[in-house]
Amino acid sequence: MTVPTRSARSSAELIRAEGPVLAHNYHPLPVVVARAEGTWVEDVEGRRYLDMLAGYSALNFGHRHPKLIEAAHRQLDRLTLTSRAFHNDRLAEFAEGLAELTGLDMVLPMNTGAEAVESAIKVARKWAYRVKGVPSDQATIVVADGNFHGRTTTIVSFSGDPAARDGFGPFTPGFRTVPYNDLAALEAAIDETTAGVLIEPIQGEAGVVIPDDGYLTRVRELTRQAGCLFIADEIQSGLGRTGRTLAVEHESVLPDVLLLGKALGGGIVPVSAVVARREVLGVLGPGEHGSTFGGNPLSAAVASAVVDLLATGEFQRRASELGEALDAGLSALTGRGITAYRSRGLWAGVDIDPAIGTGREISERLLREGVLVKDTHGSTIRLAPPLTITREELHSALASLEKVLLQGT
Ligand SMILES: *Cc1c(COP(=O)(O)O)cnc(C)c1O
């Protein structure tokens, strides 16, 4: 079978064709990607772009990493789906590997990030009633302002983003919001009804917001003292992005419940997981939670190959080393079109001087220079290249950024 190299329609025609038939819940940059390899994507007309977004960290290993593609092909030729009505021969290896990689005991396989978050909310509530002894239907979960945990009705119930919430009520009760990086507010919000504290160790969607040193350590202490769960949403921050397997490792903290997604599917299939201590995930019994596709053999095979890649430590090391180059490059541009930035590993939120342009405008100018990034929240752009990026490619992306910033208004 041959793969056609070009769509019969041009980029412009394809974008126009989407208008009347595709829901308008996104505002994509005007590029129509047709193929990709490693850190590079190619549009319908054959123009090449350096991918500095990597599917919001779903492509941590780049596009079509040979080991992941091989794992997928091999599994496609053998077994793709069983449902959980039966065992499949890939699931044990996936769960063992992920438990070992994270240092936790038990794995609940799901598909999307939002499903992992939903699953963790259910597990935390059940744990609160069964183990902690919270009176029925009284459990609360403390969350942070500026959070992004997904798009379901329950999750947008505790979003602070008006676009995510407005028009979607009534909302799910049982959540308390505190400012991010504010330990006093967190401590005040926790009481005997608290099932857990759900936070991102670094807030990605908010613009790569990194809490003060010691924050995660103190969240761990506070939750332990209060007898509630520390639930870390590492769907975007995890799996090598920050220079460690998990962002919580920067403070040597182990949460009770860890949420993974995005890169876990190797850029091939949606795979997410709740990973937790046995005492916590052990509260689920047959029929109490599930998913038709969760833990399917194709997903398990690809995710096992992802775990194998991470077990080498190579990608964490690259993110850490090249992260220094990224930080140095952004530091040199601060005051020259960038007002501030935050970075950890190969991940950065960059605040653009509003006099030069909005985040969207800068993203569009970078697109014309052959570099893909995406704005988040007005004047901020997010950089999250594949962890396979070379030093030369990173420097070339930074040079393109410098060029578009110096173009000015
Ligand atoms: C992307 C993301 C989610 C939601 O994942 P989906 O797969 O889009 O449902 C949840 N939490 C965080 C931190 C994320 O970055």
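Both ligands and their constituent atoms are indexed starting at 1 by order of listing. No hydrogens, no waters, no symmetry mates; every other heavy atom, side chains included, goes into these values. The residues of the chain are indexed from 1 along the displayed sequence.
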One finds that the ligand 1 atoms under 4.0 Å from a non-hydrogen atom of Ala114 are 4 (C), 5 (O), 6 (P), 9 (O)
Sequence-distant partners of Tyr180, ring pair (Phe, Tyr, Trp, His ring centres under 6.0 Å), two or more places apart = Tyr215
Donor + acceptor pair across side chains of Arg165, Ser159 (<3.5 Å) = no
Protein heavy-atom partner closest to atom 5 (O) of ligand 1 - residue, atom, separation in Å = Gly113 CA, 3.2 Å
Between Asp51 and Thr39: side-chain donor-acceptor atoms closer than 3.5 Å = no
For atom 2 (C) of ligand 1, which candidate among Gln203, Gln236, Glu115, Lys262 provides the closest heavy atom?
-> Lys262
Using modelled atom types only, decide if a donor and an acceptor are shared between the side chain of Glu13 and the backbone of Ser10 within a distance under 3.5 Å.
-> yes
Ligand 1 atoms nearer than 4.0 angstrom to some heavy atom of Asp233 are 10 (C), 11 (N), 12 (C), 13 (C)
Element-labelled atoms of ligand 1 that are located less than 4.0 Å from some non-hydrogen atom of Phe148 = 1 (C), 2 (C), 3 (C), 11 (N), 12 (C), 13 (C), 14 (C)
Side chain to side chain contact (heavy atoms under 4.5 Å, CB included) partner of Leu198, chosen from Ile231, Ile155, Asn147 | Ile231
Are any of the protein's heavy atoms under 4.0 angstrom from atom 8 (O) of ligand 1, yes or no?
-> no
Note: Tyr56, heavy atoms under 4.0 Å from ligand 1, region reported as neither
Below 4.0 Å from any atom of ligand 1, is there a heavy atom belonging to Glu200?
-> yes
Check whether any side-chain heavy atom of Asp145 lies under 4.5 Å from a side-chain heavy atom of Val178, and answer yes or no.
-> no
